[in-house]
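Sequential numbering from 1 along the given sequence is applied to the chain's residues. Just so it is clear, the model here is predicted, and its values are computed rather than measured.
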Amino acid sequence: MKEKISLAAARRIALGAQGFTDARPAGTPDRRHLARVLSRTGLLQIDSVSAVVRAHYMPLYSRLGPYPLALLDNAAVTRKRTVFEYWAHEASFLPVETYPLMRWRMERAEQGEEMYLGLAKWGRERKAMIEEIYGQVAERGPIAASDIEGHKGNGSWWGWSEAKHAFEWLFWAGRITTAYRRGFERYYDLPERVLPPAVLDLPVPSVEDAHRQLLRISARAHGIATYGDLRDYFRLAPGDTKARIEELVEMGELLPAKVEGWDKPAYLHKDARFPRRIEARALLAPFDPV
């Protein structure tokens, strides 16, 4: 039988899943509080928008209150990092434990799939350039695209130089990753010189297992969601997810539900909380996971 849920209850379930019922820290937030937020959201989308601060800093403020921005910055540097950058919903900070779950996307990207069509086409035509830039990273990393002499963009938003195209292709393919950022510019290096060894040693799941686990993360982060919501959190394709959703329903991890006013079926995470009240206040960025 489907759970029948009012629209107001669905809103409270979603906000609770995103951490808005958690108590704010009594003192200065630390790495434990960052980890708690990420355990709720599963990701923080990175964006250059900076009307107040850059958009990826704001979700933490909305859940923790005032915190040192270095908390997120430091989590993304050194071999003790707890987050890494990759393509999830869009470019995102992800817990390092998620790295093996994204290997399928990296492998597909290397085959010219799971990336921007224009970049995939460019990659098929510029294989020598890609290997040249990879060699530069291996020899000189961490380096930025702007460090490659003679390769400047045309100044427009997507006016990438040849070198920038190669860096982005290699990043999609997982052959390089972000070592750190200076300002908003990425400095790239090899994953084995950036990510914690324990993370690199984790077993890589099958594509099906990875998709199943990513859908679990998405369902936990939503609390309640439609099929499209569950897929879109990590930009998963319909062909990769329909059977996985059905499996999670059969396993009892997702409960079919009907939400008042929704014109599509919903799925309730088995551990979703049903808060009676949500009293939190938040300054929401356009790219907040909520």
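In plain terms, the two heavy atoms of Arg81 and Pro196 that are nearest each other are O-CG, 3.7 Å. Closest approach of Ser218 and Leu230 over heavy atoms only: OG-O, 3.1 Å. Considering all non-hydrogen atoms of both residues, Ile143 and Ile148 come closest at CD1-CD1, 4.0 Å. Taking both residues in full, the closest heavy atoms of Arg220 and Ser39 are given as NE-O, 3.7 Å, listed atom of the first, atom of the second, then distance. Listed here is the closest heavy atom pair of Ser62 and Leu283: OG-O, 2.6 Å. Nearest approach of Thr41 to Ala221, heavy atoms of both residues: O-CB, 3.7 Å.
Note on Met129 and Phe171: same hydrophobic cluster, where clusters join Ile, Leu, Val, Met, Phe, Trp and Tyr whose side-chain heavy atoms are under 4.5 Å apart, directly or indirectly. Hydrophobic cluster membership differs between Val204 and Leu195, with clusters built from Ile, Leu, Val, Met, Phe, Trp and Tyr side chains linked at under 4.5 angstrom. Residues Leu43 and Ile46 do not share a hydrophobic cluster, clusters being chains of Ile/Leu/Val/Met/Phe/Trp/Tyr side chains in contact below 4.5 Å. Residues Leu94 and Val77 are members of separate hydrophobic clusters, defined by side-chain heavy-atom contacts under 4.5 angstrom among Ile, Leu, Val, Met, Phe, Trp and Tyr. Residues Val96 and Leu190 share a single hydrophobic cluster, defined by chaining ILVMFWY side chains whose heavy atoms lie under 4.5 Å apart.
A distance below 6.0 Å separates the ring centres of Tyr99 and Phe84. Checked against a 6.0 Å centroid threshold, the rings of Phe234 and Trp87 do not count as neighbours.
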**Request:** Go through the steps to decide whether Lys264 and Asp229 satisfy the test salt bridge (Lys or Arg N to Asp or Glu O under 4.0 Å), and finish with yes or no.
**Result:** CA-CA 11 Å; Lys264 295 179 181 178; Asp229 296 331; over 6 Å; no

**Item:** Worked check of side-chain contact (heavy atoms from CB on, under 4.5 Å) between Met58 and Leu284
**Value:** CA-CA 7 Å; Met58 290 177 66; Leu284 290 177; over 6 Å; no

**Prompt:** Does the salt bridge (Lys or Arg N to Asp or Glu O under 4.0 Å) test come out yes or no for Asp240 and Arg108, once each step is laid out?
**Reply:** CA-CA 13 Å; Asp240 286 326; Arg108 287 187 183 179; 2.8 Å; yes

**Asked** Which is it for Glu185 and Arg182 under the salt bridge (Lys or Arg N to Asp or Glu O under 4.0 Å) test, yes or no, and what are the steps along the way?
**Response** CA-CA 5 Å; Glu185 186 175 24; Arg182 187 168 294 161; over 6 Å; no

**Candidate pair Leu119 and Glu168, rule side-chain contact (heavy atoms from CB on, under 4.5 Å), full reasoning** = CA-CA 8 Å; Leu119 184 58; Glu168 290 296 325; 4.1 Å; yes

**Request:** Decide yes or no on salt bridge (Lys or Arg N to Asp or Glu O under 4.0 Å) for Glu208 and Arg212, but give the supporting numbers first.
**Result:** CA-CA 6 Å; Glu208 293 79 11; Arg212 198 177 294 110; over 6 Å; no

**Prompt:** Stepwise, does the side-chain contact (heavy atoms from CB on, under 4.5 Å) test hold for Glu107 with Gln111?
**Reply:** CA-CA 7 Å; Glu107 291 167 4; Gln111 300 302 315; over 6 Å; no

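Panel note: side chain His33, backbone Asp30; a donor-acceptor pair is recorded below 3.5 Å. With hydrogens and angles disregarded, a donor-acceptor distance shorter than 3.5 Å links the side chain of Ser6 to the backbone of Ala9. Of the possible donor and acceptor atoms, one in the side chain of Thr78 sits under 3.5 Å from a partner among the backbone N and O of Lys80. A donor-acceptor contact shorter than 3.5 Å is absent between the side chain of Gln45 and the backbone of Glu90. Asp209 contributes no side-chain N or O that, together with a main-chain N or O of Pro205, makes up a donor-acceptor pair within less than 3.5 Å. Between the Asp147 side chain and the Ala144 main chain, a donor and an acceptor come within less than 3.5 Å of each other. For Arg54 (side chain) and Ser48 (main-chain N/O), a donor-acceptor pair under 3.5 Å exists by modelled atom type.
Remark: Arg124 engages no residue in a side chain to side chain donor-acceptor pair (under 3.5 Å) (not counting sequence neighbours). When the salt bridge (Lys or Arg N to Asp or Glu O under 4.0 Å) test is applied to Arg105, the partners found at least two apart in sequence or on another chain are Glu114. Under the salt bridge (Lys or Arg N to Asp or Glu O under 4.0 Å) criterion, Arg126 pairs with Glu162, not counting sequence neighbours. Looking at residues two or more places apart in sequence or on another chain, you find a side chain to side chain donor-acceptor pair (under 3.5 Å) between Asp73 and Tyr57. Residues passing the salt bridge (Lys or Arg N to Asp or Glu O under 4.0 Å) test with Glu125, sequence neighbours excluded: Lys121.
Within the 4.5 Å cutoff, no side-chain heavy atoms of His211 are placed close to those of Leu101. Contact annotation: the side chain of Leu64 never approaches that of Arg24 to less than 4.5 Å [non-hydrogen atoms, C-beta and beyond]. Using a 4.5 Å cut-off on side-chain heavy atoms (C-beta onward), Val290 and Phe20 make contact. Taking the side chain as every heavy atom from C-beta outward, Leu254 and Leu268 never approach each other to under 4.5 Å. A 4.5 Å side-chain heavy-atom check between Glu192 and Leu200 finds at least one atom pair inside the cut-off. The closest side-chain heavy-atom distance from Leu38 to Phe93 is not below 4.5 Å. In this structure, Glu110 and Arg175 have side chains that are in contact, with non-hydrogen atoms separated by less than 4.5 Å. A heavy-atom distance below 4.5 Å is not found between the side chains of His165 and Ile130.
The OG1 atom of Thr21 lies 6.5 Å from the CZ atom of Arg40; values are rounded to the nearest 0.5 Å. Rounded to the nearest 0.5 Å, atoms CG (Leu60) and CG (Leu69) are 9.0 Å apart. In this structure, OG1 on Thr177 lies 9.0 Å from CG on Asp189, to the nearest 0.5 angstrom. The distance from atom CD of Gln213 to atom CD1 of Ile217, rounded to the nearest 0.5 Å, is 5.0 Å. One finds the CG atom of Leu72 at 6.5 Å from the CG atom of Leu44 (value rounded to the nearest 0.5 Å). Separation of atoms CD (Glu250) and CD1 (Ile245) is listed at 12.0 Å; rounding is to 0.5 Å.
In summary, of the residues considered (Arg216, Lys270, Glu246), a side-chain contact (heavy atoms from CB on, under 4.5 Å) with Met251 occurs for Arg216 alone.
Residue pairs meeting the ring-ring contact (aromatic ring centres under 6.0 Å, His included) criterion with at least one partner in residues 248-290, sequence neighbours excluded, are absent.
Within the cation-pi definition used here (under 6.0 Å to the ring centroid, within 45° of the axis), Arg231 qualifies as a partner of Tyr227. Both tests do not hold together for Arg181 against Tyr187: distance to the six-membered ring centre under 6.0 Å, angle to the ring axis within 45°.
The pair Glu85-Arg186 meets the salt-bridge criterion, since a charged nitrogen lies less than 4.0 angstrom from a carboxylate oxygen. Salt-bridge annotation for Asp22 and Arg273: present, with a side-chain N of the basic residue lying under 4.0 Å from a carboxylate O of the acidic one. Taking 4.0 Å as the cut-off between side-chain N and carboxylate O, Lys127 and Glu132 do not count as a salt-bridged pair.
In this structure, a donor-acceptor pair under 3.5 Å is present between the side chains of His89 and Arg235.
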